[in-house]
Colleague: 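Handing you this structure, nothing more for now.
Here, residue 1 is the first one in the sequence, and each next residue gets the next number.
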Amino acid sequence: MSKRELGRSGIRVPKLTFGGNVFGWTADRATSFSLLDALVDNQLNFIDTADVYSYWAPGNQGGESETVIGEWLKQSGKRDRVIIATKVGKMNDAAGKPQLSAGYIRQAVENSLRRLQTDYIDLYQSHDDDRDTPLAETLATFDALIKEGKVRAIGASNYQADRLEEALRVSEQHGLARYETLQPEYNLYARQGYEQALEGVAVRHGLGVINFWALASGFLTGKYRSADDIGKSQRGDTIVARYLNARGLRILEALDSVAQRHATTPTQVSLAWLMARPSITSPIASATSLAQLDELVGATQLSLNAEDIRQLDRASEE
């Protein structure tokens, strides 16, 4: 499988990232292990998680995803065959306020390394922007972690364009490691937030982009077409409220049309559309079964033509 570089980090990853939020949540330990083995076998070896995953599940406290990955790494001995990305800033904060102070990051990275059972993290990301902590403090801490060998590269998730520009400027002014990646929400339905401002910053600075919600919480799989489909997922209420409207149905119709021409599925077309966009490095998608994982693998092998992309672009215009 062809590889793409994460910004200027020297780290090369497959063109699709596996979302590890399912580990310790909708995928139990045995299923998670089988998925991780299959990911390596299929060269989809870039796994994105976060220290806070999956605190939202009943009985969980956060850290479950990292723990499952760490147990698999220890059992499989495949640490050198995977690229691990995790995030910091949202763990154990009932108020939902991101924290990126030096002390917080220092404690969090040690906890993540312990759960992951590894001595380094390939990509360590700010999970959200902490506007109460000076960017220089956050970036200096990340820079030190890189020099200590605990982190290979850093990235930003959920940053606004102006703050991302400012962070990159601070890194340059102080001679600190810079954010090499951006993790925004981006898919066929949610386009404006990325395309209107963030995409320009990413292109100008040569950042890698690993967008989340690539399938719009499952809506772009075509599984949800009316309010009657709400029971198909734990996220059904959100999907009906956010996506089931005239524009959403128009997008599904275009996905069906393109999928039929290629004898494939809306899921694969949605992901192929993302992978075809020059500024996107590796969209994030998840699976909870080997059959779903096979579909992700198939998406990496699908090439859309110019007419396919124009049709999808037109259908998803706001």
Side-chain angles (χ1 to χ4, degrees), residues 1-2 13-23 25-27 31 34-36 38-39 41-44 46-48 183-191 194 209-226 228-236 238-240 242-245 247-277 280-305 307-316:
M1 183 180 297
S2 61
V13 299
K15 57 185 180 180
L16 190 66
T17 305
F18 190 82
N21 61 320
V22 297
F23 302 139
W25 177 31
T26 50
T31 302
S34 66
L35 287 168
L36 286 160
L39 286 167
D41 291 342
N42 285 282
Q43 300 181 58
L44 288 180
F46 185 29
I47 301 156
D48 176 78
Q183 187 171 148
E185 177 184 1
Y186 185 54
N187 55 58
L188 259 174
Y189 190 97
R191 295 181 58 180
Y194 173 67
V209 179
I210 51 174
N211 52 298
F212 65 86
W213 287 355
L215 293 171
S217 299
F219 175 73
L220 296 174
T221 66
K223 183 166 63 173
Y224 308 93
R225 299 186 182 255
S226 74
D228 293 336
D229 296 324
I230 189 171
K232 293 182 177 180
S233 168
Q234 298 177 38
R235 300 174 290 190
T238 299
I239 289 166
V240 170
R242 186 172 184 183
Y243 302 117
L244 271 179
N245 50 47
R247 179 168 170 263
L249 295 175
R250 189 171 69 240
I251 293 171
L252 291 185
E253 184 178 356
L255 284 170
D256 290 339
S257 174
V258 174
Q260 184 175 21
R261 285 202 296 273
H262 289 271
T264 186
T265 64
T267 294
Q268 293 182 333
V269 173
S270 298
L271 294 173
W273 178 84
L274 287 167
M275 289 184 277
R277 193 168 186 91
I280 298 297
T281 307
S282 184
I284 302 169
S286 299
T288 56
S289 69
L290 293 178
Q292 290 178 356
L293 180 56
D294 285 342
E295 190 163 21
L296 299 187
V297 173
T300 68
Q301 301 163 352
L302 174 62
S303 295
L304 301 181
N305 59 41
E307 177 51 36
D308 295 330
I309 293 172
R310 279 194 295 268
Q311 182 178 355
L312 294 166
D313 284 347
R314 287 194 299 268
S316 58

Colleague: For the pair T31 and S289, evaluate side chain to side chain contact (heavy atoms under 4.5 Å, CB included) and give the outcome as yes or no after the intermediate values.
Modeller: CA-CA 7 Å; T31 302; S289 69; 5.9 Å; no
Colleague: So does N305 get a backbone contact from the side chain of D308, meaning a donor-acceptor N/O pair under 3.5 Å?
Modeller: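 Confirmed, D308 side chain pairs with N305 backbone.
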Colleague: Could you tell me whether R250 and E253 have a side-chain N and a carboxylate O separated by less than 4.0 Å?
Modeller: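 Result for this pair is no, no salt bridge flagged.
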Colleague: Is it true that the side chains of Y189 and R242 contain a donor and an acceptor less than 3.5 Å apart?
Modeller: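 Result is no, nothing qualifies.
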Colleague: Under 4.0 Å between a side-chain nitrogen and a carboxylate oxygen: does that hold for D256 and R225?
Modeller: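 Result for this pair is yes, salt bridge flagged.
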Colleague: Going by atom type alone, with no hydrogens or angles, which donor-acceptor pairs under 3.5 Å involve a side-chain atom of residues 296-303 and a protein atom two or more places apart or on another chain?
Modeller:
{"from": "T300", "atom 1": "OG1", "to": "V297", "atom 2": "O", "distance (Å)": "2.6"}

Colleague: State whether a side-chain donor-acceptor pair under 3.5 Å links S316 with R247.
Modeller: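 Side chains of S316 and R247: no pair found under 3.5 Å.
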Colleague: Between the side chains of D313 and W273, does any donor sit under 3.5 Å from an acceptor?
Modeller: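 On atom types as modelled, these side chains qualify, holding a pair under 3.5 Å.
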Colleague: For F46 versus S282, what's the shortest heavy-atom pair and its separation?
Modeller: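 Nearest heavy atoms, F46 then S282: CD2-OG, 4.3 Å.
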Colleague: Do you know which two heavy atoms are closest between L252 and Y224, and how far apart they sit?
Modeller: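 It is CD1-O, 3.5 Å.
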Colleague: Would S286 and N21 count as having a side-chain donor-acceptor pair, cut-off 3.5 Å?
Modeller: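 A pair is found: one side chain offers a donor N or O, the other an acceptor, under 3.5 Å apart.
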Colleague: As an exercise, state the distance from CD of Q268 to CG of L215, rounded to the nearest 0.5 Å.
Modeller: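 Interatomic distance, Q268 CD to L215 CG, rounded to 0.5 Å: 10.5 Å.
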